[in-house]
K.L.:
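One structure coming up, written as structure tokens, with questions to follow.
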Amino acid sequence: MVEQKRYALFLATLDSEFVKKTYGGYHNVFVTTFGDEGEHWDSFRVVSGEFPDEKDLEKYDGFVISGSSHDAFENDDWILKLCDIVKKIDEMKKKILGICFGHQIIARVRGGTVGRAKKGPELKLGDITIVKDAITPGSYFGNEIPDSIAIIKCHQDEVLVLPETAKVLAYSKNYEVEMYSIEDHLFCIQGHPEYNKEILFEIVDRVLALGYVKQEFADAAKATMENRGADRKLWETICKNFLKGRVPTN
């Protein structure tokens, strides 16, 4: 009998009413995107101080760290505890997929620098340019490495200085580090492969209502998805291949 694969999701965000109503919470959004049938996924609401026991880290095949409205460079108790746990998982050489805030936390743990985005926040569908030379053909990207990939962006911070051992895999017009990897077990993405148009639009409406952004900024964010969508299928494949240690045969 094949042993069931186990994954842990570190949720650094609370569920919005919309996500709860539409998807039953962010746990489902992530598992639908990155999970496969027959796997076991546990969620830990790290933003609320919920963490696995350190002795249980061993039983997981991989970890995903979500985005957050918090800053990865802050020193809140839960953020410091998350950094500590990530350090232990890293030492165990277990796979971690870091998304947005998660991407920044891993950079911080590995000695990089995270701070406010130099060219301001982003809330939109954008294209990131792939550094083809940095990707081994036949790795989790498959043999056909694209020139660029469309992804939903929703952040106000960025990785300013990469950890020494990190390899940049993608950049964009405004950000030098859109995606990077460290060794074979850390894979980090600034954008949100798990987001769709509905989730982006709901976030835009929410931050507009709270007065965090102006109407023009909100309209421009929505306009980026008027005629096209994110490359969700491709992101799903890349992230799953990484997490599950699969080498695609295409």
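Hydrogens, waters and symmetry mates play no part in the numbers below; they use all other heavy atoms, side chains included.
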K.L.:
Please determine if Lys81 and Asp77 form a salt bridge, counting it only when a charged side-chain N lies under 4.0 Å from a carboxylate O.
P.N.:
no

K.L.:
Can we say Arg116 and Glu158 salt-bridge, meaning some charged N sits less than 4.0 Å from an Asp/Glu carboxylate O?
P.N.:
no

K.L.:
Going by an N to O cut-off under 4.0 Å, is there a salt bridge joining Arg6 and Glu39?
P.N.:
no

K.L.:
Determine whether more than 12 heavy atoms belonging to other residues, nucleotides or ligands lie under 6.0 Å from atom NZ of Lys132.
P.N.:
yes

K.L.:
May I have all residue pairs that pass side-chain hydrogen bond (donor to acceptor under 3.5 Å, both in side chains) and include part of residues 207-218, sequence neighbours excluded?
P.N.:
Gln215-Asp219

K.L.:
Could you verify whether a donor N or O on one side chain and an acceptor N or O on the other, from Ser172 and Glu178, lie under 3.5 Å apart?
P.N.:
yes

K.L.:
Are the ring centres of His155 and Phe101 closer than 6.0 Å?
P.N.:
no

K.L.:
Under a 4.0 Å threshold between the charged nitrogen and the carboxylate oxygen, would Arg246 count as salt-bridged to Asp36?
P.N.:
yes

K.L.:
Flag the pair Phe44 / Phe51 as yes when their ring centroid distance falls below 6.0 Å, and as no otherwise.
P.N.:
no

K.L.:
Taking the six-membered ring for Trp, are Phe187 and Phe242 parallel (under 30°), tilted (30 to 60°) or perpendicular (over 60°)?
P.N.:
tilted

K.L.:
Tell me whether the NZ or CZ atom of Lys222 lies within the 45° cone about the ring axis of Phe201 and under 6.0 Å from its centre.
P.N.:
yes

K.L.:
Is it true that the side chains of Gln104 and Gln190 contain a donor and an acceptor less than 3.5 Å apart?
P.N.:
yes

K.L.:
Hey, could you give me each pair passing salt bridge (Lys or Arg N to Asp or Glu O under 4.0 Å) that has a residue in residues 192-201? Not counting sequence neighbours.
P.N.:
none

K.L.:
Could you tell me whether Tyr7 and Phe34 have their ring centroids closer than 6.0 angstrom?
P.N.:
no

K.L.:
If the test is side-chain hydrogen bond (donor to acceptor under 3.5 Å, both in side chains), which one of Lys20, Arg45, His27 qualifies with Asp15?
P.N.:
Arg45

K.L.:
Is any side-chain N of the basic residue among Asp184 and Lys93 closer than 4.0 Å to the acidic one's carboxylate O?
P.N.:
no

K.L.:
Going by an N to O cut-off under 4.0 Å, is there a salt bridge joining Arg110 and Glu183?
P.N.:
yes

K.L.:
In terms of heavy-atom contacts, does CD of Glu176 have more than 12 from other residues, nucleotides or ligands at under 6.0 Å?
P.N.:
no

K.L.:
Might you confirm whether atom CD of Glu74 has over 12 heavy atoms from other residues, nucleotides or ligands at distances under 6.0 Å?
P.N.:
yes

K.L.:
Can we call the ring centroids of Tyr60 and Phe63 under 6.0 Å apart?
P.N.:
yes

